[in-house]
Amino acid sequence: VSTETNPPYESSILEQQIVVGFSQLGSESDWRKANTESIRDAAKEAGIQLMFENAEQSQEKQFEAIRGFIKQRVDVIAVSPVIESGWEPILHEARMAGIPVILSDRAVEVNDASLYITTIGSDFYEEGEKAGKYLLDKLSGEPGPIGIVELQGTEGSSPTIERGKGFRDIIKQRGDLIIRRAEPADFTIEQGRETMTSFLEEMGSDIKVLFAHNDDMALGAIEAIEAYGLVPGKDIVIISVDGTRKAFEMMVAGKINCIVECNPLLGPILMQAVKEVMDGRSLPKRIVPQESVYTEGVAEKEVLNRPY
Ligand code: GZL
């Protein structure tokens with residue numbers, strides 16, 4: 001009998017690595033790039049294998065990506081839905097395959113909320129309210145009527161729908177704040193610049209306020225305002241959403257007056273949720289990240305803290 005002792009019993013069932021299929025909606029903005037980086041980094045940190053598909057703002061490509069994840073039998077599907085509508089069929093396909101779905105960032109409009117485990121993302125309605133409350137405060141001494149233009153995000157997306165609603169519900173407290181033009185500009189710098197140019201050509205210095213649903217469109221609008229010969233942040237009060245470093249640099253320069261933060265760093269929360277789902281634990285239906293509102297007075301201090 002060998003005097004050698006047997007090596008310690010090797011667990012033959014090695015810890016199976018969790019595989020997550022993530023359908024990211026696009027790469028349209030600095031916010032989105034920070035969001036993607038956060039999710040990639042958090043997956044690595046958590047030892048989770050991430051299958052990543054960028055849909056470049058196409059819902060159809062999101063459906064294709066999810067069908068691919070189902071075929072490959074991933075453990076969990078995560079998706080940032082580009083628009084709210086049209087998700088029932090594909091979510092039913094994931095349910096038939098027995099694969100749980102977690103929504104990241106944006107929300108979906110479905111009759112059966114059990115089709116997804118949870119939505120991890122900001123309260124966009126509250127972000128709109130914060131923008132409206134800032135404007136009421138900023139204009140408290142100004143006589144009306146005051147003309148507002150609005151650069152909306154992707155049409156039909158939950159941030160666009162909810163930010164617009166929250167903003168309108170607050171400013172209607174003053175009957176003389178009038179939204180004279182509101183157009184979708186898809187959260188991009190280019191479309192923000194083009195759409196703001198068309199607003200200026202139509203209304204010129206009658207525009208006193210710009211509410212931009214994200215920083216990238218605000219950056220594009222600032223270029224258009226300066227090209228037109230007006231002073232952003234002075235002739236036109238500018239309120240934006242997200243909180244990217246570039247927007248803070250503009251606020252330091254006095255070209256943006258208020259930034260409502262929308263936190264893209266959802267990676268760690270998402271991976272924690274994946275692990276809890278895999279452990280069979282139940283999750284709240286809604287997980288909302290921390291976020292603030294910043295105005296010109298704190299821009300200098302905060303700009304150095306911006307991680308994206
Ligand atoms: C909000 C996110 C939005 C950002 C934009 O959570 O979906 O999409 O506000 C991004 O910058 O393009």
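Counting starts at 1 for both ligands and their atoms, following the listed order. The figures here come from the full heavy-atom set of this structure, side chains too, leaving out hydrogens, waters and symmetry mates.
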Would you mind listing which atoms of ligand 1 come within a distance below 4.0 Å of any non-hydrogen atom of Asn214? 5 (C), 9 (O), 11 (O)
Which atoms of ligand 1 have any heavy atom of Arg32 under 4.0 Å away? 2 (C), 3 (C), 7 (O), 8 (O), 10 (C)
Between Lys208 and Glu142, does any NZ, NE, NH1 or NH2 come within less than 4.0 Å of an OD or OE carboxylate oxygen? no
Numbered in order shown, the ligand 1 atoms found under 4.0 Å of a heavy atom of Cys262 are 1 (C), 6 (O)
Identify which of Asp30, Val260, Asp242 has a heavy atom lying nearest to atom 5 (C) of ligand 1. Asp242
Short N-O contact, Asp105 and Arg32, less than 4.0 angstrom: yes
Any chance you could measure Ile238, atom CD1, to Ile222, atom CD1, to the nearest 0.5 Å? 4.5 Å
Just checking Gln290: does its CD atom have more than 12 heavy atoms from other residues, nucleotides or ligands closer to it than 6.0 angstrom? no
Do the ring centers of Phe63 and Trp87 come within less than 6.0 Å of each other? yes
State whether the shortest distance between N or O atoms of Trp31 and N or O atoms of ligand 1 falls below 3.5 angstrom. no
One residue to check: Arg163. Relative to ligand 1, which of side chain, backbone, both or neither has a non-hydrogen atom less than 4.0 Å away? side chain
How far is atom 8 (O) of ligand 1 from its nearest protein heavy atom, and which residue and atom is that? Arg106 NH2, 2.8 Å
Just say parallel, tilted or perpendicular for the rings of Tyr294 and Phe248, cut-offs at 30° and 60°. perpendicular
Using distance alone, determine whether Ser122 and ligand 1 share an N or O pair under 3.5 Å. no
Run the contact test for Pro159 against ligand 1 with a 4.0 Å cut-off on heavy atoms, strictly below, and give the result. yes
So which protein heavy atom does atom 6 (O) of ligand 1 come closest to, and at what separation? Asp105 OD1, 2.4 Å
Please identify which atoms of ligand 1 are closer than 4.0 Å to at least one heavy atom of Ser29. 5 (C), 10 (C), 11 (O), 12 (O)
Dump the intermediate steps for salt bridge (charged side-chain N to carboxylate O under 4.0 Å, His left out) on Arg40 and Glu37, then the final yes or no. CA-CA 5 Å; Arg40 284 188 188 281; Glu37 195 177 328; over 6 Å; no
Stepwise, does the salt bridge (charged side-chain N to carboxylate O under 4.0 Å, His left out) test hold for Arg286 with Asp123? CA-CA 10 Å; Arg286 195 83 181 73; Asp123 180 339; 5.7 Å; no
Give me the nearest non-hydrogen protein atom to atom 12 (O) of ligand 1 as residue plus atom name, then the distance to 0.1 Å. Glu28 OE2, 2.5 Å
